J.: 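Quick one: the structure is below, and I'll ask about it shortly.
What you see is a predicted model; the values in this text were computed from it and never measured. As the structure lists them, so they are numbered: ligands from 1, and atoms in each ligand from 1.
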Amino acid sequence: MTQDHSAPDLSEQARDILRRNDRGGYTVPTRGLYPYQWNWDSAFVALGFAAFDRNRAWQEIETLVSGQWDDGMIPHIIFHQDDPGYFPGPSVWATGKTPPTSGITQPPVLASIVRRLWEDEGADPQHPRMAALYEACLKSHRWFHTYRDPLGNGLVMVTHNWETGRDNSSEWDDALARIDTSQVGSYQRRDTGHVDAAMRPTAVEYDRYVAILQFGRASGWNHRTIADHGPFRMLDVGMSMELLRANRDLLVLAKARGDSAVVEELEARIALSESGMDYLWDEAVGAYCSRDVITGKSSGLVTNASFLAFYAGVGTSHQRLRLLDGLNRLTRSATYLLPSLEKGSRAYDHKRYWRGPIWLVVSYMVAEGLREAGHLEWADRIRTDSAKLIEVSGFYESFSPETGAGSGGPDFSWTAAMWLAWCGR
Ligand code: GLC
């Protein structure tokens with residue numbers, strides 16, 4: 001029997017996925033594979049809820065922020081209730097927080113999402129739910145500025161590849177290859193019990209991820225020690241662009257609230273990041289790329305995150321033209337935009353995590369940036385391709401840019417959210 005994939009039906013399916021992944025005030029990314037609350041997943045999921053339940057949308061973010069650390073970090077995972085089906089769980093991270101959390105963060109997209117929710121409700125400067133989240137975002141952005149800007153140029157350093165959200169992108173391969181895994185010991189992975197191992201990181205890669213985690217734990221999750229001496233220190237192009245954008249969005253909120261000291265603070269931060277971004281520009285490949293803090297070396301890889309330049313509002317006309325050339329090139333090797341890595345690049349694999357597959361949340365931010373910059377055809381191409389992927393394959397975690405087949409987990413919350421808030425509209 002052929003399934004009816006007409007638009008209203010898919011919207012109903014998307015709402016249903018969010019309801020089924022709802023664990024009471026927060027949503028799991030997908031059942032089984034990811035049984036807790038993830039940071040940037042929840043931000044995008046809030047946009048999905050906003051299409052049919054405004055209260056639940058705000059609540060998703062409020063629950064996330066309930067796990068914010070005193071130093072300002074919003075953790076990458078909050079372990080609201082223990083689940084033995086996931087590794088590394090709360091006892092491995094051992095951060096000692098209530099609720100239990102991981103010890104690292106994830107992409108700072110929250111302020112951008114809060115701005116959108118708030119504007120959709122009329123942009124009232126006194127909006128009580130916006131006010132609390134504004135403070136949480138400000139605190140989190142200050143945490144980045146204090147602990148994650150080693151060069152003082154407004155870019156974002158990550159101390160674990162999991163922080164980037166593009167977990168095993170080949171951008172991290174060289175830095176990961178230097179990690180000493182001799183003390184890691186044995187552990188039982190859970191991810192490969194949920195999805196095809198051919199899509200997931202290899203055992204050698206996983207040992208390195210665990211070794212970095214163990215360094216943080218041994219430091220007592222001291223973010224100063226981790227930032228100054230951690231074994232993995234990369235300037236991430238994605239988070240650098242996302243934080244710049246989030247600072248711009250937070251600035252809009254600060255202005256509306258008449259918070260003049262914060263306006264000044266954010267304007268200075270924005271100017272710093274705008275000029276700092278050039279450090280990530282790699283003229284040889286014509287794109288912004290992640291760069292290793294320890295070796296100073298550019299990854300030389302054009303990923304979907306490189307195209308967040310439009311979303312962040314950076315780039316000279318020459319740089320933007322080269323990025324558009326890059327998009328053009330992608331249309332020749334990919335059936336669907338926007339792959340996480342270009343075919344032909346080192347380590348490209350259309351099925352393996354972040355080495356080729358498409359993630360709709362990155363596509364959404366890139367398309368929004370292109371639309372705002374006036375590149376409407378590109379924005380529309382990415383949006384319609386994204387919709388087609390869902391129509392053809394359903395609400396998967398990620399999709400092959402070549403065949404459109406779904407990869408990773410099924411019935412995925414943020415994919416459903418992107419349908420409701422963006423590509424299915
Ligand atoms: C994977 C992704 C990460 C995401 C998480 C939950 O780890 O790489 O970006 O937040 O799954 O969906």
J.: Please name the residue in the list Arg189, Arg355, Arg352, Arg200 that meets the salt bridge (charged side-chain N to carboxylate O under 4.0 Å, His left out) test with Glu205.
T.: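 When Arg189, Arg355, Arg352, Arg200 are each tested with Glu205, the salt bridge (charged side-chain N to carboxylate O under 4.0 Å, His left out) holds only for Arg355.
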J.: Which protein non-hydrogen atom lies closest to atom 1 (C) of ligand 1, naming both residue and atom, and how far is it?
T.: Tyr34 OH, 3.3 Å
J.: Return yes if a side-chain donor-acceptor contact under 3.5 Å exists between Gln59 and Asn55, otherwise no.
T.: no
J.: Going by the atom numbers of ligand 1, which of them fall below 4.0 Å from some non-hydrogen atom of Phe412?
T.: 12 (O)
J.: Just going by heavy-atom distances, which of Tyr353, Tyr36, Trp38, Trp162 is nearest to atom 5 (C) of ligand 1?
T.: Trp38
J.: Tyr86: what forms a ring pair (Phe, Tyr, Trp, His ring centres under 6.0 Å) with it, not counting sequence neighbours?
T.: Tyr36, Trp38
J.: Between Thr335 (side chain only) and Thr403 (backbone N and O only), is there a donor and an acceptor less than 3.5 Å apart?
T.: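 No; judged by distance alone, with no hydrogens or angles, the pair does not exist.
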J.: Looking at residues at least two apart in the chain, or sitting in another chain, which of them share a salt bridge (charged side-chain N to carboxylate O under 4.0 Å, His left out) with Asp236?
T.: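 For Asp236, the residues satisfying salt bridge (charged side-chain N to carboxylate O under 4.0 Å, His left out) (neighbours in sequence not counted) are Arg166.
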J.: Mark the output for Gln106 as yes if a heavy-atom distance to ligand 1 is under 4.0 Å, and as no if none is.
T.: yes
J.: For the residue pair Ser413 / Asn21, report whether a side-chain donor-acceptor contact shorter than 3.5 Å exists.
T.: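 Yes, side-chain donor-acceptor contact under 3.5 Å.
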J.: Can you list the ligand 1 atoms lying under 4.0 Å from a non-hydrogen atom of Trp414?
T.: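 With Trp414 as reference, the close atoms of ligand 1 come out as 4 (C), 9 (O), 10 (O).
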J.: Is it the case that ligand 1 has an N or O less than 3.5 angstrom from some N or O of Arg166?
T.: no
J.: Heavy atom under 4.0 Å from ligand 1: found in Trp359's side chain, backbone, both, or neither?
T.: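 Contact part for Trp359 vs ligand 1: neither.
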J.: Evaluating non-hydrogen atoms only, which member of Asp41, Asp167, Leu33 is closest to atom 6 (C) of ligand 1?
T.: Asp41
J.: If I apply the N/O under 3.5 Å rule, does Gly165 come out as touching ligand 1?
T.: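 By distance alone, the answer is yes.
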J.: So, taking the atom named CD in Glu135 and the one named CD in Gln68, what distance separates them when rounded to the nearest 0.5 Å?
T.: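 That separation rounds to 10.5 Å.
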